[in-house]
There are 2 protein chains.
Amino acid sequence: MTTRPRLADVAARAGVSMKTVSNVINDFEHVSPQMRARVQAAIEEIGYRPNLSARNLALGRAGMIALVVPQLDMPYFAALAGQVLEAAARSNWVVLIQQSAGDPTVERDALAGHFPQRMDGLILSSQRIGPAELRERTDRTPLVMLGERNYQGLVQHVAIDNVAAAQTAVQHLIDTGRQRIALIGSSPTDRRHPRLRGYRQALRAAGLPERADWIKPIRSNLGEEGERQMAELLAENPGSPPDAVFCVTDWVALGVIRALQTHGLRVPDDVAVVGFDDIPYGRAATPTLTTISPDRSAIARMAVASLDAQLTALTTGTSYQVSDQQASYQLIIRESTTGSHTKSIQ
Amino acid sequence: MTTRPRLADVAARAGVSMKTVSNVINDFEHVSPQMRARVQAAIEEIGYRPNLSARNLALGRAGMIALVVPQLDMPYFAALAGQVLEAAARSNWVVLIQQSAGDPTVERDALAGHFPQRMDGLILSSQRIGPAELRERTDRTPLVMLGERNYQGLVQHVAIDNVAAAQTAVQHLIDTGRQRIALIGSSPTDRRHPRLRGYRQALRAAGLPERADWIKPIRSNLGEEGERQMAELLAENPGSPPDAVFCVTDWVALGVIRALQTHGLRVPDDVAVVGFDDIPYGRAATPTLTTISPDRSAIARMAVASLDAQLTALTTGTSYQVSDQQASYQLIIRESTTGSHTKSIQ
DNA sequence: ATGAAAGCGCTAACAA
DNA sequence: TTGTTAGCGCTTTCAT
C-alpha cells in the first residue's frame, strides 16, 4: 500500500508552493483563477484529501464538538442529533455524541470539560443541570444549553418558547370543545415548569378551573410512567374522567393513550390527547398523535452557529454576549384530538 | 486564558522525560510502579489531557471511523449508533455518523472513501449496496457491512441469522395456535430475502400451506406502507382474514396493527402480529409488540473489533480473513401475540 | 528503564 | 501574488 498524497505532493504536481495549495484549499482570496484551476486539477489527479489531524494541530483547534444527550434511542434526541450532525459538518466539525443516560455525573463532567480530548464546543441537552452548576463552571469551552429549563442568562440557551407552545396545545383542546383537561408530566407545585405554566395560562384565559389533583408528575420520560399516572387519575375519578389530557412529551402521551384504551376509553372520542416533541412514532401510532413540533433543524443550526461565534470571540479576545434564542414550533393536529380512527366494523 | 498543559509540561513537573510520560499514558510495560505513580500525580496536578490531533498525526491514523446509516431518527439505527459509539470509544475512535437517507450515491461515496478526511474504518448499514459494488471497490479502508443482505464472503459482515430469527418468530405464531399466517414486507418472488425464507421454512416445517397472495411487498420501511398493504390484504380477503401477520420490521408492524384496528379487528384476539428489530416504541405501543430483538451491542462490538483487526493487518502487512459473523437474537413475547390488552369496559 | 531528536502534515508568519 | 520555514503536540527510533 503506497502512502497517501500530501499537500506537498499536490504542490509538486502543480508546480507551485505549499502555501498556494493551502490558499486554494482554504478558499483564500488573491489566488488567480488559472492558478486555482491548476491546483484543483492536481488535487483531483492524485486524489488528495487533507489530513484533518494535521490541520487541527496546526490551527490549535480540536475539530470536534461534543453533543451530550440523555440517550440516542430516544427519538426526540436521535432526530436532534441528526440535525446537529448536519449543521456541525457545515462548520467542519465532527460531533462526538455522548449519552448521559440521565446520569448527572456525566453531564457535570462534560461541563467541566472532561472529555477524552479537548473540544471546540459543547452542546448540552439536560434536565439535570441548573443555574447553580453553571455558575460554578470554570471551564471556558464554548457552551450551548438546549432544553426547556431556564438558565437566567448564564449561558447561551436555544429552545422553543415552551410556555407559549404548551399554551397553544392546550388552547387547541379548548378550541375543540374540551373542558376537563388534565396534565400528565409535571408536579402542581413546580411553579417553574414552562409547560405547566403554559397549561395554566390556557386554562385561565378560557376561564376553566384548575384542579391540582389533575396534574400528575412523572418520575421519568417513559411511556410506562404516563400509563401509570393516567391509570391512577382514572381510578381517582370513577365515572368522571377528564375529556382531554395534555402530556409533557409524546413518549408519555403514548403511555397515556395505552392506559385510556386499556380502560375502555376511546381516543379521541372520549378523551383527546396531545403530546409534545413530534417524535416519528406519533405518525404511526393508533390513533396518530397531535403534538407540538419544535423546529429541530433551527435549534441545531442556532446552537452550532453560536459555538462558532463563541470560539471566534475566544480566539480574538473579544467578548460574546450570551442570549436566550428561540426557535419556532408548530402545532401538528392529528387523530388523537380530532380524528376518529375506528371505522365501523366490517 | 493560559495555554493548556502539554506532555512536556507533565514531564517537567514530574522531572522525567517525555518518553517516560508517554510510556505511562500508553500503558507500556517496563515502567516502575513508583515512576508510574509520580507521572500520574503530575498529570492530575496540572490537569493534563492528551491532544488527540497530535497523537493521531504522529501515529498516522485518523482516530475516526465512519458509520453510515439510513437515518438517525429511525429507532433501530439510533439504538445501533448508540452502541457503535460506545464500542468505538473503547478503541479510542470517534465516530463520524453519516446519514444516507437511503441515497445510494451517499453509500457508494462512502465505499469509495469519499469523506472530508481519511477514516480508519467504515461501518456501513445498507439495503442498497450489493456484492457487485463490493467487487468493484478499490479503496482499502477497513470495512464492515451490517444488515441482512448476503455479501458472499466479499467483506466482513456482521448480522444475526435472519433466516433462523424469522423462522423463530413464525414458529412462535404457530405454537400459539395460528394457522393462517401472512407476511408483510417482502415480495413472494424475492427468493433471496432471508426473513421470507425463514417464514417459508416455518410454514413448511408445520405443514402449513403457503399463499403467494398473503406475502405483501413494501416499498419502504414505513408504518404507512405496512398499513396500506395490510388494508389491501384485508380487502382481498373479506370475511376470512389471516389470524396472524409476520412483519419484516417493527415499524411496518405498527402500521399493520393500525390497519387491523381501523378495520375493527382486535390484536391479538383476532389477529396476532410479530415484528422484527425491537425498537423502543414496541414497548409503548398498544398492544405492546412481540418482536425479534437482535443483540445490537454485540453487533457493534464485533464490527468495531473487526475494524481494529483489519487496521492492524493493514499496517503490519499481514492478511485479514473476512468472515460472516453472527450475533445472537431473542424472541421477545409481548401482548401483540399473547396478551389481551383490552380489559372490560369500566 | 530512560533521554534526545526527528518527523507526522498542515498553517501562518514573514520574505520576496 | 507566491515561496520559505518554523512550529502545533505527540510518538518513536536510537542511544544510553
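Convention: sequence-line order gives letters A, B, ...; per-chain numbering from 1. The basis for the numbers below is simple: all heavy atoms, side chains too, and nothing from hydrogens, waters or symmetry mates.
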Nearest heavy-atom contact between H157(B) and G147(B) is NE2-O, 2.7 Å
From CD (E136(B)) to CD (E133(B)), nearest 0.5 Å
7.0 Å
Check whether D120(A) reaches the backbone of I65(A) with its side chain - one donor and one acceptor, N or O, closer than 3.5 Å.
no
Would you find a donor on one side and an acceptor on the other, under 3.5 Å apart, between the side chain of S22(A) and the backbone of M18(A)?
no
Is L59(B) touching bases, backbone alone, or none of the nucleic acid, heavy atoms closer than 4.0 Å?
sugar-phosphate
What's the CG-C1' distance between N51(A) and dC10(D), to the nearest Å?
13 Å
Which atom pair, heavy atoms only, marks the closest approach of L72(B) to A81(B)?
CD1-CB, 3.9 Å
Between CG of L52(B) and P of dG9(D) the distance, given in whole Å, is 14 Å
Using atom CG of L7(A) as one end and atom C1' of dA12(C) as the other, report the distance to the nearest whole Å.
13 Å
Quick one: do Q310(A) and Q156(A) satisfy side chain to side chain donor-acceptor pair (under 3.5 Å)? Show the steps, please.
CA-CA 9 Å; Q310(A) 290 183 52; Q156(A) 186 67 22; 5.1 Å; no
Please tell me whether R36(B) and S32(B) have a donor and an acceptor in their side chains that are separated by less than 3.5 angstrom.
no
Qualifying residues under side chain to side chain contact (heavy atoms under 4.5 Å, CB included), relative to S328(B), sequence neighbours excluded:
D295(B)
Quick one: bend of the helix from dA1(C)-dT16(D) to dA16(C)-dT1(D) from 5 pairs per end, to 10°?
30°
So, is S22(A) near the phosphate of dT11(C), with a side-chain N or O under 4.0 Å from OP1 or OP2?
yes
Spacing of R118(B) atom CZ relative to dC8(C) atom P, expressed in whole Å:
15 Å
Check nucleotides 2-6 of chain C against the protein and report each pair of N or O atoms closer than 3.5 Å, with its distance, or say if there are none.
unit_1, atom_1, unit_2, atom_2, d
dG3(C), OP2, S17(B), N, 2.6
dG3(C), OP2, S17(B), OG, 2.9
dG3(C), OP2, T20(B), OG1, 3.1

Side-chain N or O of N56(B) closer than 4.0 Å to phosphate OP1/OP2 of dC8(C):
no
